Amino acid sequence: MAIEVRPATVFDDVKTMVGPKRPDANVCWCLSYRIPSKENMSLQGPARGEKVAELMERGPIGVLAYDGDEVVGWAAVAPRADTTFARTRTIPHVDGLEVWAVWCIRVRPGHRGKGISHSLLAGAVEYARSQGAPAIEGYPVDNEGEKVDLTMAYVGTRALFEKAGFRKAADTTSVINGFPRVLMRLELR
C-alpha cells in the first residue's frame, strides 16, 4: 500500500472524510475549531457542507490521504491564527510565532491500523512547511498508552506526534475523554 497525501482540494473527498451520511445531519464537518463557536452552532444540516465549500474556495483546508484513487484519511491543518485556537484559554500560546496547527486526524474505517495517521501527520507538516509556516503545533491527548475512545481519538496521541518529531512545548488545561491534552510543536525552519 502506497499512501499519498495531498492538499485537500476536492470537495467530494473532504465530504467523504468529514461529511455526514445523511445531508440533513449536523455532523462536525471539521468546523468546530475552524470557525467561531457561535457560527458553528448556528450552521445546521446542508449549511455545514456549504460553509466547507466556501472555505475551500480560498484554498486547501487540510490534507487528504489516498490509497490509489480512494480517499482514506483526513487531517485539518491551518494557521493557528485562522482557528479558534487563536483565542482559546485552555491551550496556551508558547510565543508570538505565527505557527500552524494540526488538530484533527481521521482515518476511514477499514483502513485503520495501517499507519495512515502517521502519513497524514507527515503530510500536514509538509503542507504547512510549503506554505511558509515557521512551526506547527498539535494538541493531542497524553494517554500514556491507554486506549482512547475512537470518537475522541481525532486529536491524536502524544506518541503519534513524538514519532513525527514533535516535542512537548507546554501543558494545557484542555481534557478530552478524561485525558489531558498537551501542546506539541515541531520547528520547521
Side-chain angles (χ1 to χ4, degrees), residues 3-8 14 17-18 28-37 40 55 58-65 73-107 112 115-189:
I3 297 297
E4 181 184 359
V5 178
R6 305 189 292 255
V14 172
M17 289 307 308
V18 298
C28 178
W29 273 100
C30 211
L31 290 171
S32 297
Y33 295 112
R34 192 175 298 278
I35 61 176
S37 180
N40 185 43
L55 291 168
R58 297 182 223 154
I61 61 170
V63 295
L64 293 164
W74 155 262
V77 60
R80 181 173 172 161
D82 294 348
T83 71
T84 61
F85 295 111
R87 296 169 299 284
T88 183
R89 293 185 183 136
T90 60
I91 297 176
H93 291 265
V94 174
D95 52 36
L97 207 57
E98 294 182 13
V99 301
W100 279 50
V102 54
W103 66 90
C104 177
I105 298 170
R106 184 168 189 280
V107 177
R112 296 180 180 138
I116 295 171
S117 60
H118 297 274
S119 297
L120 282 163
L121 186 52
V125 166
E126 287 311 309
Y127 179 66
R129 180 180 279 124
S130 77
Q131 299 303 300
I136 185 168
E137 295 177 346
Y139 318 109
V141 293
D142 192 357
N143 61 325
E144 297 181 353
E146 290 186 45
K147 186 154 180 60
V148 178
D149 181 272
L150 201 52
T151 60
M152 294 299 169
Y154 70 92
V155 297
T157 63
R158 180 177 178 168
L160 170 69
F161 280 79
E162 285 177 338
K163 286 178 186 167
F166 286 70
R167 298 289 171 249
K168 180 180 172 187
D171 288 312
T172 78
T173 57
S174 181
V175 175
I176 286 191
N177 194 221
F179 297 110
R181 293 174 79 181
V182 289
L183 189 155
M184 303 292 288
R185 184 185 270 195
L186 177 65
E187 302 296 328
L188 299 178
R189 290 187 182 157

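Please read these numbers as outputs of a predicted model, since none were measured by experiment. What you see below is based on every heavy atom in this structure, not just the backbone, and it leaves out hydrogens, waters and symmetry mates.
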Checklist entry - Do S32 and W103 pass the side chain to side chain contact (heavy atoms under 4.5 Å, CB included) test, and can you show the C-alpha distance, the side-chain angles, and the key distance before you say yes or no? => result CA-CA 10 Å; S32 297; W103 66 90; over 6 Å; no
Minimum heavy-atom separation for [X] to [Y], with atom names?
X    : Y    : value
L160 : S117 : CD1-OG, 3.9 Å
G123 : V5   : CA-CG1, 3.6 Å
F161 : G156 : CE1-CA, 4.3 Å
N143 : F179 : CA-CD2, 3.6 Å
A164 : L186 : O-CD2, 4.1 Å
R34  : I61  : NH2-O, 2.5 Å

Between the main-chain N or O of [Y] and the side-chain N or O of [X], is there a donor-acceptor pair closer than 3.5 Å?
X    : Y    : result
R80  : F85  : yes
D149 : T151 : yes
T84  : Y33  : yes

Item to check | Check against side chain to side chain contact (heavy atoms under 4.5 Å, CB included), N177 and V141 | outcome: CA-CA 9 Å; N177 194 221; V141 293; 5.9 Å; no
Checklist entry - Are the side chains of L97 and R185 in touch, meaning some heavy atoms are under 4.5 Å apart? => result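 Yes, at least one pair of side-chain atoms sits under 4.5 Å.
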Item to check | Set of residues satisfying side chain to side chain contact (heavy atoms under 4.5 Å, CB included) with respect to R58, sequence neighbours excluded | outcome: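 Once residues adjacent in sequence are excluded, the partners of R58 under the side chain to side chain contact (heavy atoms under 4.5 Å, CB included) criterion are E54, L55.
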Checklist entry - Under the criterion side-chain contact (heavy atoms from CB on, under 4.5 Å), which of E187, H93, E137 is the partner of V99? => result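 Only one of E187, H93, E137 forms a side-chain contact (heavy atoms from CB on, under 4.5 Å) with V99, namely E137.
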Got a list of side-chain donor-acceptor pairs under 3.5 Å for residues 127-136, not counting sequence neighbours?
| residue | atom | partner | partner atom | Å |
| --- | --- | --- | --- | --- |
| R129 | NH1 | E126 | OE1 | 3.4 |
| R129 | NH1 | E126 | OE2 | 2.5 |
| S130 | OG | Y127 | O | 2.7 |

Checklist entry - With R6, which residues qualify under salt bridge (Lys or Arg N to Asp or Glu O under 4.0 Å), at least two apart? => result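 Testing R6 for salt bridge (Lys or Arg N to Asp or Glu O under 4.0 Å), a comparison that skips the adjacent residues, returns E4.
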Checklist entry - Who are the salt bridge (Lys or Arg N to Asp or Glu O under 4.0 Å) partners of R167, not counting sequence neighbours? => result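 If we apply the salt bridge (Lys or Arg N to Asp or Glu O under 4.0 Å) test to R167, skipping adjacent residues, there are no hits.
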Item to check | Pairs where residues 171-181 contributes a residue and the test salt bridge (Lys or Arg N to Asp or Glu O under 4.0 Å) is met, not counting sequence neighbours | outcome: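 Every pair satisfying salt bridge (Lys or Arg N to Asp or Glu O under 4.0 Å) with a residue in residues 171-181: K168-D171.
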Item to check | Pair V102-Y139, side chain to side chain contact (heavy atoms under 4.5 Å, CB included): steps then yes or no | outcome: CA-CA 8 Å; V102 54; Y139 318 109; over 6 Å; no
Checklist entry - Is there a side chain to side chain contact (heavy atoms under 4.5 Å, CB included) between R89 and T172 once you walk through the steps? => result CA-CA 9 Å; R89 293 185 183 136; T172 78; over 6 Å; no
Checklist entry - What pairs with W74 under ring-ring contact (aromatic ring centres under 6.0 Å, His included), at least two apart in sequence or on another chain? => result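 W74: no ring-ring contact (aromatic ring centres under 6.0 Å, His included) contacts found.
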